[in-house]
> 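Take a look at this one; I'll ask things after.
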Amino acid sequence: FSYKNITALALRCKEYDWTEEFIEEYATYIEESHRNSYQHYNRSKLEFERGNTKKAFELLTQVEYDDIFLNLDAKVMLMKIYYKNEDTDSLDSLIDSMNVYLRRKSKQVLSYHKENYNNIIRFTQKIIRVNPFDSKSRQILREEIELVKPLTERKWLLGILNTP
């Protein structure tokens, strides 16, 4: 988890070269059974932040989803890729599958995490359904996103909502 969290923090700081070095150098410290999956996942996040959604998608296909949280985080990455690529059919399908997955794994996921992922799903759905020319509805949605907790993807959701 530290490996994934350090990568996420470095990406927030837009330290792409440092992040790339960190991912490669510290992968050896990850338990061998999880190493490739975490390395591919983190490299996928890096490529997404660099704007290379095709490479990010390819890397996600190499992740093995034995870990519930890695699975959910990878699905969130896919949501971002599909949204950015305007692939609404795949995005809708992914959202449906995430809802099913969360219901199936509800006993294995703490309520905080379940609530967070449900919030990400709910607000992504609201954003793709809101009229882009209805500034009042967009403002109400923006305020709702700013207030709700937990929501680990708040910055991304507000960013896409603020993009015309």
Side-chain angles (χ1 to χ4, degrees), residues 1-128 148-157 159-160:
F1 294 113
S2 296
Y3 179 70
K4 195 170 84 157
N5 290 340
I6 290 168
T7 300
L9 287 171
L11 290 174
R12 273 196 196 143
C13 295
K14 300 190 184 312
E15 294 289 338
Y16 303 135
D17 292 337
W18 185 93
T19 304
E20 185 171 22
E21 290 175 25
F22 173 81
I23 291 169
E24 297 309 315
E25 184 176 338
Y26 286 88
T28 58
Y29 296 101
I30 304 299
E31 186 178 320
E32 193 171 346
S33 62
H34 299 291
R35 184 176 303 147
N36 286 337
S37 290
Y38 275 89
Q39 192 172 16
H40 291 313
Y41 171 77
N42 283 335
R43 287 182 58 220
S44 174
K45 286 187 69 139
L46 172 62
E47 291 301 329
F48 180 83
E49 291 299 321
R50 286 180 166 165
N52 190 350
T53 57
K54 183 178 179 185
K55 182 68 175 173
F57 182 83
E58 289 172 9
L59 287 162
L60 280 179
T61 64
Q62 299 174 42
V63 175
E64 292 183 28
Y65 298 109
D66 298 334
D67 179 282
I68 292 171
F69 294 109
L70 186 60
N71 190 326
L72 288 166
D73 287 343
K75 288 180 187 300
V76 170
M77 275 297 306
L78 279 174
M79 284 175 61
K80 291 177 175 184
I81 291 168
Y82 291 151
Y83 183 85
K84 187 167 185 156
N85 292 338
E86 299 178 1
D87 187 349
T88 53
D89 290 340
S90 296
L91 181 57
D92 283 336
S93 179
L94 178 63
I95 287 171
D96 291 342
S97 75
M98 283 182 75
N99 279 320
V100 170
Y101 184 80
L102 278 170
R103 278 194 302 274
R104 267 192 4 238
K105 300 290 184 181
S106 65
K107 292 182 180 171
Q108 297 165 322
V109 178
L110 296 173
S111 61
Y112 168 87
H113 296 291
K114 187 176 174 183
E115 190 175 350
N116 175 59
Y117 290 108
N118 281 326
N119 284 336
I120 293 167
I121 292 166
R122 181 168 52 97
F123 285 117
T124 301
Q125 286 176 312
K126 285 185 172 191
I127 287 171
I128 60 178
V148 75
K149 290 182 182 177
L151 185 60
T152 56
E153 294 296 333
R154 182 183 330 275
K155 183 178 177 183
W156 174 69
L157 292 163
I160 62 175

> State whether the number of non-hydrogen atoms from other residues, nucleotides or ligands found under 6.0 Å of Tyr26 atom OH is greater than 12.
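12 or below, so no.
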> Assess whether side-chain contact (heavy atoms from CB on, under 4.5 Å) is satisfied between Leu60 and Tyr65, documenting all intermediate values.
CA-CA 10 Å; Leu60 280 179; Tyr65 298 109; 4.2 Å; yes
> With heavy-atom distances below 4.5 Å as the criterion, would you say the side chains of Arg122 and Val148 are in contact?
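Yes, close enough: below the 4.5 Å cut-off.
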> More than 12 heavy atoms of other residues, nucleotides or ligands under 6.0 Å from CD of Gln108: yes or no?
yes
> Can you find a pair of side-chain heavy atoms, one from Lys84 and one from Phe48, that are under 4.5 Å apart?
yes
> Is Glu24 paired with Arg43 through a side-chain N to carboxylate O contact shorter than 4.0 Å?
yes
> Which pair of non-hydrogen atoms, one from Ser44 and one from Leu59, has the smallest distance, and what is that distance?
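Smallest heavy-atom distance, with atoms named: N-CD1, 3.6 Å.
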> Any side-chain heavy-atom pair from Leu94 and Ser97 closer than 4.5 angstrom?
yes
> Do other residues, nucleotides or ligands put more than 12 heavy atoms under 6.0 Å from Arg12 CZ?
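No, the 6.0 Å shell around CZ holds no more than 12 heavy atoms from other groups.
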> Counting only N and O atoms by type, is there a donor-acceptor contact under 3.5 Å from the side chain of Asn116 to the main-chain atoms of Tyr112?
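Side chain of Asn116 to backbone of Tyr112, a donor-acceptor pair under 3.5 Å: no, none is there.
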> So, do Lys45 and Leu11 sit near enough that their side-chain heavy atoms are less than 4.5 Å apart?
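Lys45 reaches Leu11 side chain to side chain.
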> Taking the side chain as every heavy atom from C-beta outward, state whether Thr19 and Ile6 have any pair of such atoms under 4.5 Å apart.
no
> So do the side chains of Leu72 and Leu102 get within less than 4.5 Å of each other, counting heavy atoms only?
yes
> Any non-hydrogen side-chain atom of Leu46 less than 4.5 Å from a side-chain atom of Glu20?
yes
> On a heavy-atom basis, which atom in Ser106 and which in Lys114 lie closest, and how many Å separate them?
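Taking Ser106 first and Lys114 second, the nearest heavy atoms are CB-NZ, 3.3 Å.
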> Let's go through Ile160 and Thr124 carefully: what are the C-alpha distance in whole Å and the side-chain angles of both, what is the deciding distance for side-chain contact (heavy atoms from CB on, under 4.5 Å) to 0.1 Å, and is it a yes or a no?
CA-CA 9 Å; Ile160 62 175; Thr124 301; 5.7 Å; no
> Just do the salt bridge (Lys or Arg N to Asp or Glu O under 4.0 Å) check on Glu47 and Lys54 with the steps written out, would you?
CA-CA 9 Å; Glu47 291 301 329; Lys54 183 178 179 185; over 6 Å; no
> Asn42 and side-chain contact (heavy atoms from CB on, under 4.5 Å): which single residue from Ile30, Ile23, Val63 fits?
Ile23
> Is the backbone of His34 close enough, under 3.5 Å, to the side chain of Ser37 for a donor and an acceptor to pair up by distance?
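Judged by distance alone, no pair lies under 3.5 Å.
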> Examine the side chains of Tyr117 and Asp73 and answer whether a donor and an acceptor come within less than 3.5 Å of each other.
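Their side chains do contain a donor-acceptor pair, which is all the 3.5 Å distance test asks for.
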> Please name the pair of heavy atoms, one in Gln125 and one in Ile95, separated by the smallest distance, quoted to 0.1 Å.
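Looking at all heavy atoms of both residues, the closest pair is NE2-CG2, 3.3 Å.
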> Would you say Glu64 has more than 12 foreign heavy atoms packed within less than 6.0 Å of its CD?
no
> Check whether more than 12 heavy atoms from other residues, nucleotides or ligands sit under 6.0 Å from atom CZ of Phe57, and answer yes or no.
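Count not over threshold, so no.
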> Could you check Met79 against Glu153 for side-chain contact (heavy atoms from CB on, under 4.5 Å), going step by step and ending with a plain yes or no?
CA-CA 11 Å; Met79 284 175 61; Glu153 294 296 333; over 6 Å; no
> Could you go through the side-chain contact (heavy atoms from CB on, under 4.5 Å) check for Ile120 and Val76 one step at a time?
CA-CA 8 Å; Ile120 293 167; Val76 170; 4.3 Å; yes
> Which heavy atom in Lys75 sits nearest to a heavy atom in Met98, and how many Å separate them?
CD-CG, 3.5 Å
> Can you tell me how far CG of Leu157 sits from NZ of Lys80, rounded to the nearest 0.5 angstrom?
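One gets 8.5 Å once the value is rounded to the nearest 0.5 Å.
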> Of all heavy-atom pairs between Trp156 and Tyr83, which one has the smallest distance, and what is that distance?
CZ2-CB, 4.1 Å
> Just so I know, are the side chains of Arg50 and Lys55 near enough to count as touching, which here means a heavy-atom distance under 4.5 Å?
no
> In terms of the angle between their ring planes, are Phe69 and Phe1 parallel, tilted or perpendicular, with boundaries placed at 30° and 60°?
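The rings of Phe69 and Phe1 stand perpendicular, inter-plane angle above 60°.
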> Is a side-chain donor or acceptor of Thr7 paired with a backbone partner of Tyr3 at a separation under 3.5 angstrom?
yes
> Heavy atoms only: give me the nearest Met77-Tyr41 pair and the separation to one decimal.
CG-CE1, 3.8 Å
